[in-house]
Amino acid sequence: MKLLYILTPLAPLFGAIACGFFGRKLGRTNSHRVAIAGVAVAFLFSLIALIVQMGDDAKVFNETIYTWMVSGGIKFEVGFLVDRLTVVMMTVVTSVSLMVHIYTIGYMHDDPGYQRFFSYISLFTFAMLMLVMANNFMQLFFGWEAVGLVSYLLIGFWYKKPTAIFANLKAFLVNRVGDFGFLLGIAAVLVYMGSLNYTEVFAAAPAVVGQSMEVIPGVAWSVMTVTCICLFIGAMGKSAQIPLHVWLPDSMEGPTPISALIHAATMVTAGIFMVARMSPLFELSETALSFVLIIGSLTALLMGLIGIVQNDIKRVVAYSTLSQLGYMTVALGASAYGAAIFHLMTHAFFKALLFLAAGSVIIALHHEQDIRKMGGLKKYMPVTYWTSLIGTLALIGFPGFSGFFSKDAIIEAVHHSQITGASFAYVCVLLGVFITAYYSFRMFFLVFHGETRMDDHTRDHCHEPPRVVTVPLILLAIPSVILGAMTIGPMLFGGFFGDAIQVAPEHDVLAELGAGYHGAFQFVLHGFKTPALYLALAGAVAAWFIHLQKPGIATWFAEKFSVVHRILDNKYGFDAFNEKVFAGGARQVADRLWKVGDVKLIDGLMVNGTANGIGLISNIVRTLQTGYLFHYAFAMIVGLLALLSVFIFSA
Amino acid sequence: MLCAICAILLCDLYSKDGRRLTYILSQVALVGTLFFTWGVTPDGSATAFGGSFVMDTMSSVLKSWILIVSIGVLLYSRDYVLEREITTGEYYTLALSGVLGMMIMVSSSTMLTLYLGLELLSLSLYAMAALNRKDVRCAEAAMKYFVLGALASGLLLYGISMIYGATGSLVFSEIAAAMAADSSSSAAVFGLAFVVAGIAFKFGAAPFHMWVPDVYDGAPTSVTLYISAAPKMAAFALAIRFLVDGLGTAHDSWQGMLVILALLSIVLGNLIAIAQVSIKRMLAYSTISHVGFILLGVLSGQAEGYSASMFYAITYALTSMAAFGVILVMDRNGVDIHLLTDLRGLFRRNPVYAFVMLIVMVSMAGVPPTVGFYAKFVVLDAVVSVGLIWLAVVAVVFSVVGAFYYLRVIKYMFFDDPIEAQPVLAPIDVSAGLAVNGAALLMLGLFPGWIMAACIAAFS
């Protein structure tokens, strides 16, 4: 098994190296073959790992593979921890990645950077696997940064497009903020728990409870809370929670397959996974849990609202991703880690499906992304239509679809939760359900129903894309429907995760839910008794009424409540604020520093001064090398005398 | 093992009819000896020749690497010596006797055998430096090397005689015992200074480094390759045998001396290298600075420091071998590569060699994840652990200064246009050797444990 676990991440790495360095020699077809083969192997191995770990007597694999160095008692290691939490993530990552690899053949067909793209997404799969399989913070951080790097490269994949470059820079900078918090969190773990290995840290954590630290003299903070919040700030960056969410909508400048893989299904959920993995730490600080809960519920509600006014097909899906990530975070805050991972899993499939379907529409319309210029596509692209419908139903939580189970579980969990902020979160997630249904169906109706609004030329060329595009859609549609019903029992209430996730008894909302759980069917029936379902239906109906029946209402609303519309359209001003205060302020400060500090002090005095100085000394000293033998011998004798002088002075 | 090498050496002498044959025989000799070394490694340590020849973990590890490096060296230089019509048979014979000398040095347990091995190596090197008889610069370099080497040998012998006078023995273990009984013996410490001077000369540490640039530059490139790689490991063994095995108790005295040597080497080596325009001279000064680092580990006087230095010496030999290997391959048209600018546009002419050279340069500059970083790291760690933080700081500052000239090479290779457009080609075995060599530098940086474990075992 050890070999299998090692090979799982290495297979896509091999694909990445082959495509990246030898892509030109391999040619297009061979490149995608190698990359897909690598990911397929990883997927196969993940499945084997999943089956093995599902067995009743399965043992958790936790081993250090290689110790890179030991410095001051801290070990820097590469090691794998494979338990049920890990195998779920591995399977989700590799299966979605495999679908996206296949889809890419069709989507990137004419792109000059074909091999480069395959190399990047394979590299991403490797990094993501390293992240989820890590058994220590060091490797977690490595994977964390590596997926960030690939995300940066892929957002700016079309590096000649100025908006793409702006977007990848933004993603990079915002993630720096998150990573800084994350690094501080890891440092706090190291300082107070004395290790980087998960098992050792979790064992040492209870002893830390009650200790306090003074970052600002005189103000004592609980170590556990500070550590957890710092770690969570890392998760906020990567999983795009308010206020670090601003990079995710812009990341849609990248090619659609990576929007599906990285910015919807896998990388953005790394933060959720990390918090779930750190559950033994977060359980020890209720303050941190409340913080997580409130950030999550704000994200879930506010980002959904923005989704209503967006007109770019990919941005609508992006805001919906933000809002769904908010749901997962809410689940984490309510200590329903199982529900968070469950939603993460179902979301990965239906959101990847929605993105790929959006991509399919975009290809058919020759890279047109404005939904106001679409409409009536149902008759041109039936496969895309039906798979999108499935994805949309799963997203809004229609009973029986996978999203229903996971989202309802989260809402119920919040309902039962007792910690500070839970009632606020409950209101937010319920409202979120209505909004989700509204914007999802708004987009759906505008794209596929109603009159066609594109020009004639585009309409004549509009047809279903090739099979490499539609097959992944169908393959992703299947889990979007059935996965929830199949896995809800064991995953939420069956103690599936074992020791991987630890919940303090007083927080254990899922156990409370589990007491009333009698099978998936009963869960669906129960759904009819909760407000969530009716809110979702109301949202869908409202979308139908406003956008298909009476298209005037939306315009009327926008004019009547122009303030609200403008706030939403400006995304609450986060971008403007960041640009003016942080970017603008930083630029001014930097300008000053540059003029005074850099040009005069550093460049003038230190850099050029040192360089010139060294160059000068270097030229003087080299003249010592005269080429005369007697000079050399003389130098040796002088050296000998110097050594003898040591003897004299030390004696 | 010794018999094997001697026997094949004799065969070599009489089989000059085919040059290929000599090459193949030499390689067979080296590989055979390598297997012998692995085959006869005893569990603890064993002695032979009346206690003057010792086999322990350090000697077998170093011997293995000396042999491996020598195999690579001969592989890289084969075509060069053939093309230049340098007396081929002699090249291999001298190289092999040099290897024999190094192996004796590594395994010696008395001052006499050590000196014997050293002289065998040195005489081979003097002769090799002079191999290209037609070249005036070559002859001049060899002459300087010989005269200065003789002076250094004299110093070393003088030191040995002083120590012998003070302790009454030539065997390292007995010297150590005698020194432990009477550590204040001033005659012995006086001799120590001469011994250190001799060692410093063999290492090429400043201020005993003057021969290094001239010889590197003047000697045929294949010989430079030979001098720059394996003998550094032998010199390391020389230092360890003398200073640790023999005079370990006088650590306080030789630590100060080594501090001077290491400091001067690192500072002077890096500073002067910047001003060089000849690639071989630049690498010569870079060697001097690396020698400084090897000495840093030794002067810490602790097992960790010794193993760190050993790691440094081994990996430096590999790095240097790859550097000169690439230069040798580029020298193919009968014109030697002299200037740094001759490397311009290597990436366009042969990307594989350019990448190998890139790894070499990055490794020499000490940038992770290459092996050079890890080697510098462990050495500095050892220095810091004995409290000489200021020394570590100076070393780091000057290795940053050194990064300048390494990066300049990379700039020439990748960003400048080539002067001549024709691609650089080499036989498949040489290419493969270089590629493996480059990959090894990278892999050992990621997985230094492969060698480090052996180095730690040698001093525990």
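When reading the values below, keep in mind they use all heavy atoms of this one structure, side chains included, and skip hydrogens, waters and symmetry mates. Every chain is numbered from 1 and lettered A, B, ... according to where its sequence line falls, protein lines coming before strand lines.
- The CE atom of A:Met636 lies 4.5 Å from the CG atom of B:Leu151; values are rounded to the nearest 0.5 Å.
- Each of B:Trp211, B:Tyr374, B:Trp254 has some count of heavy-atom pairs under 4.5 Å with chain A, and the biggest count is that of B:Tyr374.
- Looking at A:Tyr632, the atoms closer than 4.5 Å to chain B (heavy atoms on both sides) sit in the backbone and in the side chain alike.
- Using a 4.5 Å cut-off between heavy atoms, B:Leu268 touches chain A through its side chain atoms alone.
- Counting heavy-atom neighbours within 6.0 Å of B:Tyr158 OH, excluding the residue itself, gives a total of 12 or less.
- Around atom OH of B:Tyr126, more than 12 heavy atoms belonging to other residues, nucleotides or ligands sit under 6.0 Å away.
- Neither the backbone nor the side chain of B:Phe404 comes within contact range of chain A; no heavy atom of the residue lies under 4.5 Å from a heavy atom of that chain.
- For B:Leu155, the part sitting under 4.5 Å from any heavy atom of chain A is the side chain, from C-beta outward, and nothing else.
- Enclosure of atom CZ in A:Phe22 is not indicated, since only 12 or fewer non-hydrogen atoms of other residues, nucleotides or ligands lie within 6.0 angstrom.
- More than 12 non-hydrogen atoms from other residues, nucleotides or ligands lie less than 6.0 angstrom from OH of A:Tyr66.
- With a threshold of 4.5 angstrom between heavy atoms, B:Ile274 approaches chain A through its backbone and through its side chain.
- Proximity to chain A is absent for every atom of B:Leu192, based on heavy atoms less than 4.5 angstrom apart.
- At a 4.5 Å heavy-atom cutoff, the contact between B:Val401 and chain A is made by side-chain atoms alone.
- Comparing B:Ser385, B:Gly449, B:Ala273, B:Pro448 by how many heavy-atom pairs each has under 4.5 Å with chain A, the most go to B:Pro448.
- Contacts between B:Ala152 and chain A at a heavy-atom distance below 4.5 Å involve backbone atoms as well as side-chain atoms.
- Ranked by heavy-atom pairs under 4.5 Å with chain A, the first of B:Gln276, B:Met143, B:Lys144 is B:Lys144.
- Atom OH of A:Tyr198 has more than 12 neighbouring heavy atoms from other residues, nucleotides or ligands inside a 6.0 Å radius.
- Taking chain A as the reference chain and counting heavy-atom pairs below 4.5 Å, the highest number among B:Ala200, B:Pro351, B:Ala197, B:Pro207 is found for B:Pro207.
- Across all non-hydrogen atoms, the minimal contact from A:Leu640 to B:Phe194 is CD2-CE2, 3.4 Å.
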